[in-house]
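Just the heavy atoms: all of them, side chains too, but no hydrogens, waters or symmetry mates, feed the values below. These numbers come from a predicted model, not from an experiment. Residues take their numbers from the sequence shown, with the count starting at 1.
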Amino acid sequence: MSNIKFIFIFTLLSLSAFNTYAENIKYEHISDVVPDKYKISRLIVGDLTSDGNDEVILLIKMTDPKFNVVNNYGETVDRNKRGLIILKDSGYDYSIISENLDCFESENEDGGIYAPPEMSIESKNGHLYVHYSQGRYGWDEFNFRYKGGFFYLIGYESAEGVNGIIQRKESMNFLTMRKQTLTLDDKFDVFSDEGVEPETSLYDEKWETMSFSGLIKLRDISSLTSIYDIYPIL
């Protein structure tokens, strides 16, 4: 066996052993998993692995003072990014299932003429949902599911509207590679008919087949803000 081939195989075995070891590190306390210069902003529990036991979902936030900046109104705001750590709770210790330490922007980002969207995280029916609400103007929601040791982005929905009335809605299923778009007919006046829910028949429905390279893991997403940052070709 050549030296180059031996070194290559040894490296692969070493990396595999390291990853296995890292995934099986046990922590006595939840706080033990939080990296230096981070803090826990929120803690959610829910069964994400369909084993009947709740996982622990941590929304964490950097605490680096260099990201405390002065905004356009002369106020000092914290622009440190946020991330997720998902833990398996054995009942007597914790281990990390997945983590992404900086996939979320700060809650104090500049929202332009609007307030920045309000983010919430929920465990529901075995799925992990990340929801961004812009009040009466719409929302975005990312849907993750656990399989084979990883959390995959399997769905996305967004709605845009005025006065609480949805004018356009997109639904993407990354398992079937299908995209549905609903567009409200211009005949419906969102200003004159404020508070009136449009009939389903007033929405034009369009279906498309999407094209992309494959499902993406939560841990590999650099920015979970816009679906088009994750899949630019959609």
**Student:** Working to the nearest 0.5 Å, report the span between CG of L184 and CG of L202.
**Tutor:**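 Reported value, rounded in 0.5 Å steps: 6.5 Å.
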
**Student:** Search all heavy atoms of E208 against all heavy atoms of T181 and return the closest pair with its distance.
**Tutor:**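 Result for this residue pair: OE2-OG1, 4.1 Å.
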
**Student:** Can you name the closest pair of heavy atoms from Y73 and N71 and give their distance?
**Tutor:**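 Heavy atoms of Y73 and N71 come nearest at N-OD1, 2.9 Å.
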
**Student:** In the hydrophobic clustering (ILVMFWY, side-chain contacts below 4.5 Å, transitive), which residues join Y92, or is it alone?
**Tutor:**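 None; Y92 is a cluster of one.
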
**Student:** In this structure, are over 12 heavy atoms from other groups packed under 6.0 Å from E122 atom CD?
**Tutor:**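 Yes - once you tally the heavy atoms of other residues, nucleotides and ligands closer than 6.0 Å, there are more than 12.
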
**Student:** For the SG atom of C103 and the CG atom of D220, what is their distance to the nearest 0.5 Å?
**Tutor:**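 One gets 11.0 Å once the value is rounded to the nearest 0.5 Å.
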
**Student:** Could you tell me whether the side chain of I96 reaches within less than 4.5 Å of the side chain of I25, counting heavy atoms only?
**Tutor:**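 Not in contact.
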
**Student:** Going by ring-ring contact (aromatic ring centres under 6.0 Å, His included), name the residues that satisfy it together with Y152, two or more places apart in sequence or in a different chain.
**Tutor:**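 Counting only residues at least two positions away or on another chain, Y152 forms no ring-ring contact (aromatic ring centres under 6.0 Å, His included).
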
**Student:** Sequence neighbours left out, cut at 3.5 Å: what donor-acceptor pairs do the side chains of residues 52-66 make with other protein atoms?
**Tutor:**
from, atom 1, to, atom 2, distance (Å)
D54, OD1, D47, N, 3.2
E55, OE1, L48, N, 2.7
E55, OE1, T49, N, 3.3
E55, OE1, T49, OG1, 3.4
E55, OE2, T49, OG1, 3.1
E55, OE2, K88, NZ, 2.5
K61, NZ, N80, O, 2.8
K61, NZ, E107, OE1, 3.1
T63, OG1, K37, O, 3.1
D64, OD1, K66, N, 3.1

**Student:** Side chain to side chain donor-acceptor pair (under 3.5 Å) with E205: which residues, sequence neighbours excluded?
**Tutor:**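 If we apply the side chain to side chain donor-acceptor pair (under 3.5 Å) test to E205, skipping adjacent residues, the hits are Q180, W207.
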
**Student:** Holding to side chain to side chain donor-acceptor pair (under 3.5 Å), I want the full list of residues that pass it with D93, two or more places apart in sequence or in another chain.
**Tutor:**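 If we apply the side chain to side chain donor-acceptor pair (under 3.5 Å) test to D93, skipping adjacent residues, the hits are S90.
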
**Student:** Would you name the heavy atoms of P198 and I165 that are closest together and state the gap between them?
**Tutor:**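 Scanning both residues, the minimum pair turns out to be CG-CG2, 3.6 Å.
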
**Student:** When rounded to the nearest 0.5 angstrom, what distance separates CG in N143 from OG in S171?
**Tutor:**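 Output value for this atom pair is 11.0 Å.
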
**Student:** May I ask you to test the L182-I166 pair for a side-chain heavy-atom distance under 4.5 Å?
**Tutor:**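 Not in contact.
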
**Student:** Go through the structure and list residues passing ring-ring contact (aromatic ring centres under 6.0 Å, His included) with Y94, not counting sequence neighbours.
**Tutor:**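 Checked Y94 against ring-ring contact (aromatic ring centres under 6.0 Å, His included); zero matches.
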
**Student:** Who pairs with T76 by side chain to side chain donor-acceptor pair (under 3.5 Å), at least two apart in sequence or on another chain?
**Tutor:**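 By the side chain to side chain donor-acceptor pair (under 3.5 Å) rule, T76 matches no residue at all.
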
**Student:** Running the 4.5 Å side-chain criterion over Ile, Leu, Val, Met, Phe, Trp and Tyr, what cluster does V77 land in, apart from itself?
**Tutor:**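 Joined to V77, directly or through intermediates: V69.
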
**Student:** Looking at CD1 of I216 and CZ of F150, how far apart are the two atoms once the value is rounded to the nearest 0.5 Å?
**Tutor:**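 Result: 13.0 Å between the selected atoms.
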
**Student:** Looking at residues at least two apart in the chain, or sitting in another chain, which of them share a side chain to side chain donor-acceptor pair (under 3.5 Å) with T225?
**Tutor:**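 Only S223 meet the side chain to side chain donor-acceptor pair (under 3.5 Å) criterion with T225.
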
**Student:** Do V34 and D32 make a side-chain contact, defined as non-hydrogen atoms from C-beta onward lying under 4.5 Å apart?
**Tutor:**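 Contact flag for V34/D32 side chains = no.
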
**Student:** Considering all heavy atoms of both residues, which atom of S106 and which atom of R82 are nearest to each other, and what is their separation?
**Tutor:**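 So the two residues come closest at C-NH2, 3.8 Å.
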
**Student:** Sort and list the pairs that fulfil salt bridge (Lys or Arg N to Asp or Glu O under 4.0 Å) and have at least one residue in residues 139-148, not counting sequence neighbours.
**Tutor:**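 Found none.
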
**Student:** Checking side-chain contact (heavy atoms from CB on, under 4.5 Å) for the pair F174/I230: CA distance, chi angles, key distance, verdict?
**Tutor:** CA-CA 12 Å; F174 299 115; I230 302 171; over 6 Å; no

**Student:** Verify side-chain contact (heavy atoms from CB on, under 4.5 Å) between F144 and L224, making sure each step is shown before the conclusion.
**Tutor:** CA-CA 12 Å; F144 293 89; L224 193 61; 3.9 Å; yes

**Student:** Does some side-chain heavy atom of L175 sit less than 4.5 Å from a side-chain heavy atom of L215?
**Tutor:**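 Yes, at least one pair of side-chain atoms sits under 4.5 Å.
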
**Student:** Quick one: are M177 and F212 in side-chain contact, heavy atoms under 4.5 Å?
**Tutor:**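 Of all side-chain heavy-atom pairs linking F212 with M177, at least one is under 4.5 Å.
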
**Student:** Specify the closest pair of heavy atoms between E109 and R79, including all atoms of both residues, with the distance to one decimal.
**Tutor:**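 Scanning both residues, the minimum pair turns out to be OE2-CD, 3.4 Å.
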
**Student:** State which residues pass salt bridge (charged side-chain N to carboxylate O under 4.0 Å, His left out) with E157; sequence neighbours excluded, sorted by chain then number.
**Tutor:**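 With sequence neighbours excluded, E157 shows a salt bridge (charged side-chain N to carboxylate O under 4.0 Å, His left out) to no residue whatsoever.
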
**Student:** Any side-chain heavy atom of I30 within less than 4.5 Å of one from D89?
**Tutor:**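 Answer no - side chains too far apart.
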
**Student:** Under 4.5 Å between any side-chain heavy atoms of L84 and E99, yes or no?
**Tutor:**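 A side-chain contact under 4.5 Å is absent here.
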
**Student:** Would you please name every residue forming a ring-ring contact (aromatic ring centres under 6.0 Å, His included) with Y146, sequence neighbours left out?
**Tutor:**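 For Y146 the ring-ring contact (aromatic ring centres under 6.0 Å, His included) partners, ignoring immediate neighbours, are F151.
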
**Student:** Specify the closest pair of heavy atoms between G46 and S123, including all atoms of both residues, with the distance to one decimal.
**Tutor:**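 The answer is CA-OG, 3.4 Å.
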
**Student:** Going from CD on E199 to OG on S201, what distance comes out if it is rounded to the nearest 0.5 angstrom?
**Tutor:**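 Going from CD on E199 over to OG on S201, the span is 4.5 Å.
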
**Student:** Is the backbone N or O of K81 less than 3.5 Å from a side-chain atom of D102, with the two atoms forming a donor-acceptor pair by type?
**Tutor:**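 No; zero donor-acceptor contacts below 3.5 Å.
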
**Student:** Of F142, W139, Y156, which is the lone residue that meets ring-ring contact (aromatic ring centres under 6.0 Å, His included) with H131?
**Tutor:**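 Only one option passes, and that is W139.
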
**Student:** Hey, does Y27 have a side-chain heavy atom less than 4.5 Å from the side chain of L87?
**Tutor:**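 Side-chain contact under 4.5 Å: no.
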
**Student:** List the steps and the verdict of side-chain contact (heavy atoms from CB on, under 4.5 Å) for Y38 and I85.
**Tutor:** CA-CA 11 Å; Y38 281 84; I85 301 178; over 6 Å; no

**Student:** Measuring from atom OH of Y129 to atom CD1 of I121, what distance do you get when rounded to the nearest 0.5 angstrom?
**Tutor:**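 Result: 14.5 Å between the selected atoms.
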
